[in-house]
Undergrad: 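Please read through the structure below; I'll follow up with questions.
The sequence lines fix the lettering, A, B, ..., with proteins before strands; numbering per chain opens at 1.
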Number of protein chains: 4
Amino acid sequence: MRVVRTNVRSEKSMEPGLADRIRAAAARLFARRGFHGTGMRLIAEEAGVSIGALYHYFPSKEEVFLSVLRQEYDQRLAEAQGMWREGVSAPEVVRRVVELHFASITAGHESGRLLSQAGVGSPLELALQILALREEYATCIADLLSQAMQRREIRTAHPLLTAYALLGLVEAVTARALAGDGTADELQRVGPAEVAEIAWRALRPDKEE
Amino acid sequence: MRVVRTNVRSEKSMEPGLADRIRAAAARLFARRGFHGTGMRLIAEEAGVSIGALYHYFPSKEEVFLSVLRQEYDQRLAEAQGMWREGVSAPEVVRRVVELHFASITAGHESGRLLSQAGVGSPLELALQILALREEYATCIADLLSQAMQRREIRTAHPLLTAYALLGLVEAVTARALAGDGTADELQRVGPAEVAEIAWRALRPDKEE
Amino acid sequence: MRVVRTNVRSEKSMEPGLADRIRAAAARLFARRGFHGTGMRLIAEEAGVSIGALYHYFPSKEEVFLSVLRQEYDQRLAEAQGMWREGVSAPEVVRRVVELHFASITAGHESGRLLSQAGVGSPLELALQILALREEYATCIADLLSQAMQRREIRTAHPLLTAYALLGLVEAVTARALAGDGTADELQRVGPAEVAEIAWRALRPDKEE
Amino acid sequence: MRVVRTNVRSEKSMEPGLADRIRAAAARLFARRGFHGTGMRLIAEEAGVSIGALYHYFPSKEEVFLSVLRQEYDQRLAEAQGMWREGVSAPEVVRRVVELHFASITAGHESGRLLSQAGVGSPLELALQILALREEYATCIADLLSQAMQRREIRTAHPLLTAYALLGLVEAVTARALAGDGTADELQRVGPAEVAEIAWRALRPDKEE
DNA sequence: TATGAATGAGAGTTCATTCAT
DNA sequence: GATGAATGAACTCTCATTCAT
C-alpha cells in the first residue's frame, strides 16, 4: 500500500482536475466528520463524481485521507519556510505561524481540525502513515528551530521535542476554538496573541546568555 | 441513555468486578486502536467476558469509551488537586504532573494515547460528549492556574486557554514518545525534564513583578 | 415442548397467584406489542416479578403466549356455551357474541387484538400450536353451529368452515375498530349491529324451508 | 427513509430484475415464516443474491415487506376492478374474487397467508404502515360495494365495514385451508363455493325491495 | 422458591471495494 | 475514462435462556 502522489495541480488546463475536486471535497468532510464518519459514497457526492471515479484517482480511502493531510502539511510548511527564507526574525515567525493557524479555522476551512485529528481513531496501518507524515512536518519545524538556536535567537532545547510541543500547544487551543460556543469565540479573539506569547516565552533565550 | 453501573470497587472480594475488568480491557484497546478500530467483540475477548456481559454493564460502546475516558481524567485530576491541596509549589506541581504523564506511558498503560485521541474520529454525538469531558478537565486545571495567578506564583494569562495549551503540549510529546522507535525512547528519557521546562517557562512570572 | 397448564386460579388464597399476575401482564403486552415486540424482561417488569420467577412458572416465552391465548379462548367459549345451554335462540346468540367481542375491545382490554394476531408472525413451531388452539376454539363453535343446523335454526352449511368465516369476519372488523382514528370510533358504534346483521344473513335459513 | 427502486419489469431482457427476484423470494418466506421469522440473510439466499444487493434495492427489511404486500394487494385489486369495469354482475364478481383467493393458495403461492398476517406481530411503526396499506385496499373494495349498492345489486350497508368483513372472512378460511392436513384439503375443495355463498348471502338485497 | 448476572447466537445494517459494461 | 450495481465481512446491539447463590 504505497503512497501515491496524485496530480496536485492539473497539468493541462487551468480548471482543477477531478483529483483536486475530490481532495477538496474530502478535506471538508474529513475535517467535519472524521475519517470513519466520512464514507466514500459521501465523498463522491460532495465532489460530484462517481464512486468509480474516486477509485480511478485514489487506490483506497486511506490514500484519499493521506493525500488530503499531505496537502495541508505542505501548505503550512511552505508558509513557515517562506518566511524563514525571507529573513523574518524568530519571534515574528512564531507569532505569524500561530496567527495563520488561527486564521485557517476562522476562515471556516476547518483544516485545523483535520490536523489535530491526524493519527487517531484510524486503522492501525493508516495511523502509522499519519504519524510518519506528522513526523515529517515536525522534523521540518525542528530544522528551523535548530537554525534559530544556532543563531541564538531562541534558547537551546531538544528541537524535535520542542516542535511537537509547539504543534500540540497550538492544535489543542485551536481545536477548542472550533467548538462553536461563546468560549470558542473568545479563544478565536485572544488566541493568536496568547498562544504566541506562550510559545515565545517557552522559546526565548534567557536574558543573560 | 441508561445509567451506567460503575462498581469501581468490588464490595466483597479483592478481585475487580466485571465492570472494572471491562473498563481496563477497553482502555488498553481504545488506546492502541482507537474508537472505531476497537469492536465490542474484541473488548469482550480481551476482558474475558461475553458480549452480553458488556451490555449488562454498559448500555453502548460509546458509554464504554466515555467511562474509560472519565476514569483517566479523574485519576489525573485527583493527583494534581491532591498535590495542590498539600501546598506543593506551582513549579513543582507542573514538574510532577508532567512526570506523571510520562510515567503512565512508560508503564505501558498507554492511557496517554487515549487522552490525546479524545474527541476525534468519533461519531458526532460522542465527539461532543468527549469534548465536554475534556472541557471539564481543562476547567479544573484552569481553576488551579487561576489560584496560582492570584498568589503571583505564575504569570497572569487566560486560564482556560493556558490549560488547553498545557494539555496539548504534554499530549503531543507523550504521543510521539509512544511510537516505539529510537526517537521515542529518547523522548521518554528527556521528555519529563524538557517538557516541564517548556511549561514552566511559559507560566513563570516575569522577573521584576 | 409440551403444553403446561399452570394454575388458572390460585388454590390456597383469594389473591391471584404469581402465574396469574404474569399472565395478566403478558396479555396486556402481547395485545399491544405482539409476540416479538414483547420481551421477557418487559413482561417481568410489568408483572412486578423477576425474570427468574417468570421461568419458574412458565418454561418458555412461547408457553406464556399460549397460556394467555388459551385463557382468552376459554373465556369467550364459556360465554357462548353458557348462553347456548340456557336456551338462547341462534340469532340472539350470534348477536350477543358479536357484541361481546366489540365490548372487549371498547373496554380497553385489547384482547380482541390478541386473538386476531394469533398464529402469525410467530416462530414456526409456535405458529402450529396457535393454529391448534384456534382450531379447538373453531371446532367448539362448529359444534354449536351443527346443533343449530339440526334444529333448523340456521341454514345447512359446512360447520367448521362457517366457524372460521365468522371468526375472521368479526376479527377483521374489530381489528380495524382498534386503530384509534375517527373511522375506528365509528366502527365501534355501528360495528356490533352491522356485523351481527352480516353474520345473521349469512347463517339464517332460507325463507321457504 | 429513501425511495425504493421498483423496477417491476426489466427493460432489456425477459428475465426479471433483481428487485423482482428479491420480492418473489421475500413473498414466499414472509408467507411461510412471518416477518420476524424471516431474516435478511435468508431472503438473500432464497433470491440467490448477496445481502448487499438486498440493501441496494430496499432501504430496510420493513420496506421489503411493505413492497411485497403492496404487490399482492395491487394484483388482487386489479383483478376485481378489471372485472367490475367489464360489467360483470355483483354476485359473479364476489364468486370469482373468492375463487381467485383460493386459487392463489392452491397454486402454492401462499400469498393468502401473507395478507392475513398483515399488521400483526410487527414493529409498531411497520404495523401502522401495514394497516394503512390494508385500509387502502379495503377502501377500494368499499368503493366497489358503494357503487353496487347504488345500483341496488347488493343491499345497503356500511361499505368500509362490509369490506373488512369480507376480507376477514375470506382470509380466515384460506388461512385454515393452508394448514396442510386433511381438513385443509377439504376446505380447498368446498371453500370457494361455500365462502362465495356466505359472502353473497351477506350482501344480496332483500327479496321484496 | 426466588433472584438477576451472565451467556452467545443471531439480528439488521453499513460500507470499502470490485468489475462488467 | 467513467459508471454504479453488486459483494460480503464486520459492525453494534437484542433477548430468550441458564444457573450459582
Side-chain angles (χ1 to χ4, degrees), chain A residues 17-18 35-45 49-65 123 126, chain B residues 5 7 12 17-19 22 35-45 47-65 123, chain C residues 17-18 35-45 49-65 123 126, chain D residues 5 7 12 17-19 22 35-45 47-65 123:
Chain A
L18 275 190
F35 181 76
H36 284 281
T38 305
M40 288 299 256
R41 197 106 69 238
L42 193 59
I43 296 175
E45 280 168 24
V49 304
S50 69
I51 290 189
L54 229 63
Y55 279 90
H56 183 72
Y57 288 104
F58 299 90
S60 71
K61 184 185 174 185
E62 309 205 344
E63 280 303 329
V64 177
F65 190 74
L126 175 59
Chain B
R5 304 178 207 186
N7 68 324
K12 293 189 176 180
L18 242 52
I22 293 168
F35 181 77
H36 284 284
T38 305
M40 288 300 256
R41 257 193 261 298
L42 194 59
I43 297 176
E45 279 169 25
V49 302
S50 69
I51 289 189
L54 241 60
Y55 281 92
H56 185 73
Y57 288 102
F58 300 91
S60 70
K61 184 184 174 184
E62 309 205 344
E63 280 301 328
V64 178
F65 189 74
Chain C
L18 274 190
F35 181 77
H36 283 282
T38 305
M40 290 297 258
R41 196 103 75 232
L42 194 58
I43 296 175
E45 278 168 25
V49 303
S50 69
I51 289 189
L54 229 66
Y55 278 91
H56 182 73
Y57 287 105
F58 299 90
S60 72
K61 183 184 173 185
E62 309 204 344
E63 281 303 328
V64 178
F65 189 73
L126 174 59
Chain D
R5 302 177 208 188
N7 69 325
K12 293 191 175 178
L18 244 49
I22 292 168
F35 181 77
H36 284 284
T38 306
M40 289 299 258
R41 270 192 246 305
L42 193 58
I43 297 175
E45 279 170 25
V49 302
S50 69
I51 289 189
L54 241 60
Y55 282 92
H56 185 74
Y57 288 102
F58 301 91
S60 69
K61 184 183 176 185
E62 307 206 344
E63 280 302 327
V64 178
F65 189 75

Undergrad: In terms of the nearest nucleotide of DNA chain E, which residue is placed more toward the 5' end: A53(B) or G52(A)?
TA: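 Mapping each residue to its closest nucleotide by heavy atoms, the 5'-most match is A53(B).
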Undergrad: Should the pair H36(B) and H36(A) be assigned to parallel (<30°), tilted (30 to 60°) or perpendicular (>60°) ring geometry?
TA: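 Parallel.
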Undergrad: Take atom CD of E45(A) and atom C1' of dT3(F), then tell me their distance rounded to the nearest Å.
TA: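 To the nearest whole Å, that distance equals 14 Å.
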Undergrad: Specify the angle, to 10°, made by the local axes at the two ends of the helix from dA2(E)-dT21(F) to dT21(E)-dA2(F) when five pairs are taken at each end.
TA: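 Taking five pairs per end, the axes differ by 10°.
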Undergrad: Respond yes when some side-chain nitrogen or oxygen of Y57(C) is under 4.0 Å from OP1 or OP2 of dT1(E), and no when none is.
TA: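 The answer is no; no side-chain N or O of Y57(C) sits under 4.0 Å from OP1 or OP2.
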Undergrad: Measure from the side chain of H56(C), starting at C-beta and using heavy atoms only, and say which of dA6(F), dT1(E), dA6(E) lies closest.
TA: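 For the H56(C) side chain, the nearest candidate turns out to be dT1(E).
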Undergrad: So which protein N/O to nucleotides 11-13 of chain F N/O distances come out below 3.5 Å?
TA:
{"from": "dT12(F)", "atom 1": "OP1", "to": "K61(B)", "atom 2": "NZ", "distance (Å)": "2.5"}
{"from": "dT12(F)", "atom 1": "OP2", "to": "M40(B)", "atom 2": "N", "distance (Å)": "2.9"}
{"from": "dT12(F)", "atom 1": "O4", "to": "R41(B)", "atom 2": "NH2", "distance (Å)": "3.0"}
{"from": "dC13(F)", "atom 1": "OP2", "to": "Y55(B)", "atom 2": "OH", "distance (Å)": "3.0"}
{"from": "dC13(F)", "atom 1": "OP2", "to": "K61(B)", "atom 2": "N", "distance (Å)": "3.0"}

Undergrad: Please figure out whether S50(A) or V49(D) has its closest DNA chain F nucleotide nearer the 5' end.
TA: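 Of the two residues, S50(A) wins.
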Undergrad: Find out whether K61(A) and L126(A) are in side-chain contact, i.e. whether some heavy atom of one side chain is under 4.5 Å from a heavy atom of the other.
TA: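 They are not in side-chain contact.
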Undergrad: Please report the distance, rounded to the nearest Å, between CG in L18(C) and P in dT1(E).
TA: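 Roughly 10 Å, once rounded to whole Å.
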Undergrad: Rounding to a whole Å, what distance do you find between I22(D):CD1 and dT7(F):C1'?
TA: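 About 13 Å, once rounded to whole Å.
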Undergrad: Using side-chain contact (heavy atoms from CB on, under 4.5 Å) as the criterion, list what pairs up with I51(B), not counting sequence neighbours.
TA: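 Once residues adjacent in sequence are excluded, the partners of I51(B) under the side-chain contact (heavy atoms from CB on, under 4.5 Å) criterion are R41(B), A44(B), Y55(B).
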